[in-house]
**Student:** 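Take this structure first; my questions come after.
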Amino acid sequence: MILKVSPQNVRTWGDVATTSKTDLNNAFHEAYGEIKLEEQFSFKLGRQEINYDDARIFGNVDWTMQARSHDAFLLKFNPNSKNKFHLGLALNANKETNFQEDYTVPQYKSFQYLWYHTDFNEFNLSVLALNNGMPYLVDTEEKVDYSQTIGTRLVYKKNKLNVDGAAYLQTGKIATNSVSAHYFSANVNYKINTNFNTGLGFEVLSGKDQNDTSTDVKSFNPLYGTNHKFNGYMDYFYVGNHANSIGLNDIYVNLGYEKNKFFAKVTPHYFASAASIYNAGEKQDNYLGTEVDVTCGYKMYDYVTVEGGYSQMFASSSMEIIKTGNKNAGNNWAFLSIKINPNLFSYKAEAKQ
């Protein structure tokens, strides 16, 4: 049996007085128990991270200080070392009550998913099927509509070459509106030598033309993924924004260097809308802008890493239309972080003979 409790404190320095008796910034990020029923079967119950594959659909969003976790039940079946089956279930409520009441937290009411992963030779394959229930009101009565996200991810690794691709379709309904959206991605990465690596990739997230007056949902939603990991570090797209919009085409190049305890990476992105943009009835250029992300870091000790980065966006007039603002104004962002991740205590009970 595994028991895990992960407390957290999310704050801005100075938001609590130095003599304060209380601190509302404390919470539990994870608090679950995992019980092994047999060699191949186990289940996990409680507040937990759900993180699969490249974290595009399910991720822990570890860039934010609070990250993401779910109140869920997870059943695991691992028949052998190469195959994994996961069944996940979640059903949310505001509080304990003897009467049915509307769910008021701005998130899903329930979901059910199946995830399968297998490894064979140089390939590994994952398949995800998610049934996602979102609440809405009809004449003050709560209803729940379900949309489905179904797709697969394939990875090929051999020697210095790493290739991956993914495809997802979304269907079903959201607040009585029909859903029809899609996602495609592909990446090719190559390790040139011990110190240098490079890569090329693209993502396509479907969108809806701005002159489309139908109520159909045609914009792909990455749902519970770690969106900061994708589409540039300035978070112009899908980080609490850009939902039900014109979609996105993202073409990018990765250039990386690593030696001893130092690492650096440069990633330029070319952004364009997946659907048409209109302004005053006139169709606009789909090109949105180019972002350049530069990051570097140094591993001081086994458990301490210093990392910093700088990003610059060169936006187009079409970006002004969908985001407002002034494309000629300075548009950049920088960060500096210190990650301290020690292992303070570890214990493993020995089985008695």
Side-chain angles (χ1 to χ4, degrees), residues 54-56 59 61-64 153 155 160-166 183-207 220 222 225-242 245-259 262-275 277 284-298 305-337:
D54 61 346
R56 198 49 170 135
V61 196
D62 59 350
W63 171 255
T64 62
R153 184 170 186 265
V155 179
K160 298 180 179 181
L161 181 66
N162 187 328
V163 181
D164 67 77
Y183 167 91
F184 301 102
S185 72
N187 297 279
V188 179
N189 293 286
Y190 184 77
K191 192 172 181 63
I192 300 172
N193 54 39
T194 304
N195 304 120
F196 289 93
N197 59 81
T198 186
L200 174 67
F202 75 87
E203 277 196 320
V204 176
L205 296 92
S206 68
F220 186 86
T226 304
N227 295 330
H228 176 76
K229 178 183 175 184
F230 304 87
N231 312 133
Y233 287 163
M234 293 185 73
D235 294 340
Y236 262 69
F237 309 101
Y238 302 105
V239 182
N241 58 50
H242 205 66
S245 187
I246 53 174
L248 185 68
N249 295 329
D250 179 7
I251 302 172
Y252 46 88
V253 176
N254 294 316
L255 302 170
Y257 173 80
E258 185 174 356
K259 186 174 183 180
F262 175 81
F263 59 90
K265 185 178 181 181
V266 179
T267 306
H269 292 261
Y270 173 94
F271 295 125
S273 66
I277 302 171
Q284 306 296 307
D285 190 351
N286 284 42
Y287 173 64
L288 297 175
T290 298
E291 179 179 326
V292 180
D293 300 323
V294 180
T295 58
C296 60
Y298 181 76
T305 301
V306 179
E307 185 174 352
Y310 175 84
S311 297
Q312 181 75 45
M313 170 65 80
F314 304 94
S316 71
S317 57
S318 293
M319 185 79 87
E320 279 186 336
I321 295 171
I322 67 168
K323 297 287 187 179
T324 69
N326 182 359
K327 70 182 181 66
N328 296 317
N331 201 344
N332 45 53
W333 174 81
F335 77 93
L336 177 65
S337 70

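Heads up: numbering here begins at 1 and tracks the sequence. Here the structure is a predicted model, which means the values were calculated and not measured.
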**Student:** Who passes side chain to side chain contact (heavy atoms under 4.5 Å, CB included) against Ser318, sequence neighbours left out?
**Tutor:** Ile277, Gln284, Asp285, Leu288, Ser316
**Student:** Does the pair Glu291 and Ser311 meet the rule for a side-chain contact (heavy atoms from CB on, under 4.5 Å), with working shown?
**Tutor:** CA-CA 7 Å; Glu291 179 179 326; Ser311 297; 4.1 Å; yes
**Student:** Looking just at side-chain N and O atoms, do Tyr252 and Asn187 make a donor-acceptor pair shorter than 3.5 Å?
**Tutor:**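 Present: a donor and an acceptor within the cut-off.
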**Student:** State, yes or no, whether a side-chain contact exists between Ile251 and Asn249 at a heavy-atom distance under 4.5 Å.
**Tutor:** no
**Student:** Taking only residues two or more places apart in sequence, or in another chain, which ones meet Ser206 in a side chain to side chain contact (heavy atoms under 4.5 Å, CB included)?
**Tutor:**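 Applying side chain to side chain contact (heavy atoms under 4.5 Å, CB included) to Ser206 gives Ala181, His182, Phe220.
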**Student:** I'd like to know whether the aromatic ring centres of Tyr233 and His228 sit less than 6.0 Å apart in this structure.
**Tutor:**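 Centroid distance Tyr233-His228: below 6.0 Å, so yes.
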**Student:** Between Tyr287 and Tyr270, is the ring centre distance below 6.0 Å?
**Tutor:** yes
**Student:** Quick check: closest heavy atoms across Lys323 and Tyr236, and the distance to 0.1 Å?
**Tutor:**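 Result for this residue pair: NZ-O, 2.6 Å.
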**Student:** Determine whether Phe230 and Phe237 satisfy the following criterion, side-chain contact (heavy atoms from CB on, under 4.5 Å), listing intermediate values before the conclusion.
**Tutor:** CA-CA 9 Å; Phe230 304 87; Phe237 309 101; over 6 Å; no
**Student:** Is Lys160 reaching over with its side chain to a backbone N or O of Asn197, donor-acceptor style, under 3.5 angstrom?
**Tutor:** no
**Student:** Quick one, Tyr257 with Phe196, criterion ring pair (Phe, Tyr, Trp, His ring centres under 6.0 Å). Give me CA distance, side-chain angles, the key distance, then yes/no.
**Tutor:** CA-CA 5 Å; Tyr257 173 80; Phe196 289 93; 4.9 Å; yes
**Student:** Identify the heavy atoms of Ile322 and His242 that sit nearest to each other, and give their distance.
**Tutor:**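 So the minimum-distance heavy-atom pair works out to CD1-CE1, 4.2 Å.
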**Student:** Show me the pairs that pass salt bridge (Lys or Arg N to Asp or Glu O under 4.0 Å) and involve residues 187-204, at least two apart or across chains.
**Tutor:** Arg56-Glu203
**Student:** Mind checking what makes salt bridge (charged side-chain N to carboxylate O under 4.0 Å, His left out) contact with Asp164, not counting sequence neighbours?
**Tutor:** Arg153
**Student:** For the atom pair OH (Tyr183) and OG (Ser185), what is the distance rounded to the nearest 0.5 Å?
**Tutor:** 3.5 Å
**Student:** Given the rule in the side-chain contact (heavy atoms from CB on, under 4.5 Å) test, do Gln312 and Met234 qualify, once you have shown the distances and angles that lead to the verdict?
**Tutor:** CA-CA 8 Å; Gln312 181 75 45; Met234 293 185 73; 5.8 Å; no
**Student:** Which heavy atom of Gly199 sits nearest to which heavy atom of Asn189, and what is that distance?
**Tutor:**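 Closest pair (atom of Gly199, atom of Asn189, distance): CA-OD1, 3.4 Å.
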**Student:** Just so I know, are the side chains of Tyr238 and Leu205 near enough to count as touching, which here means a heavy-atom distance under 4.5 Å?
**Tutor:**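 Result yes, sub-4.5 Å side-chain heavy-atom pair found.
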**Student:** Side chains of Thr305 and Phe263: closer than 4.5 Å at any heavy-atom pair?
**Tutor:** yes
**Student:** Quick check: closest heavy atoms across Thr226 and Val61, and the distance to 0.1 Å?
**Tutor:** OG1-N, 3.0 Å
**Student:** Looking at CG of Asp235 and CG of Asn241, how far apart are the two atoms once the value is rounded to the nearest 0.5 Å?
**Tutor:**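 Output value for this atom pair is 7.5 Å.
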**Student:** State, to 0.1 Å, how close Asn227 and Pro222 come at their nearest heavy-atom pair, and which atoms those are.
**Tutor:** OD1-CB, 3.5 Å
**Student:** Please report the C-alpha distance between Thr267 and Asn254 in whole Å, then the side-chain angles of each, then the deciding distance to 0.1 Å, and finally whether the side-chain hydrogen bond (donor to acceptor under 3.5 Å, both in side chains) criterion is met.
**Tutor:** CA-CA 5 Å; Thr267 306; Asn254 294 316; 3.0 Å; yes
**Student:** Let me confirm one number: the CD-SG distance from Glu307 to Cys296, rounded to the nearest 0.5 Å.
**Tutor:**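 Here the rounded value is 8.0 Å.
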**Student:** With Asn328, which residues qualify under side chain to side chain contact (heavy atoms under 4.5 Å, CB included), at least two apart?
**Tutor:** Asn326
**Student:** Which atoms form the tightest heavy-atom contact between Asn231 and Phe271, and what is the distance?
**Tutor:** O-CZ, 3.4 Å
**Student:** Partners of Glu258 by salt bridge (charged side-chain N to carboxylate O under 4.0 Å, His left out), sequence neighbours excluded?
**Tutor:** none
**Student:** Answer whether the closest heavy-atom distance between the side chains of Trp333 and Met313 falls below 4.5 Å.
**Tutor:** no
**Student:** Can you check whether Ala275's main-chain N or O pairs, donor with acceptor, with Ser273's side chain at less than 3.5 Å?
**Tutor:** yes
**Student:** Walk me through it: do Ile192 and Thr198 pass the test side-chain contact (heavy atoms from CB on, under 4.5 Å)?
**Tutor:** CA-CA 7 Å; Ile192 300 172; Thr198 186; 4.0 Å; yes
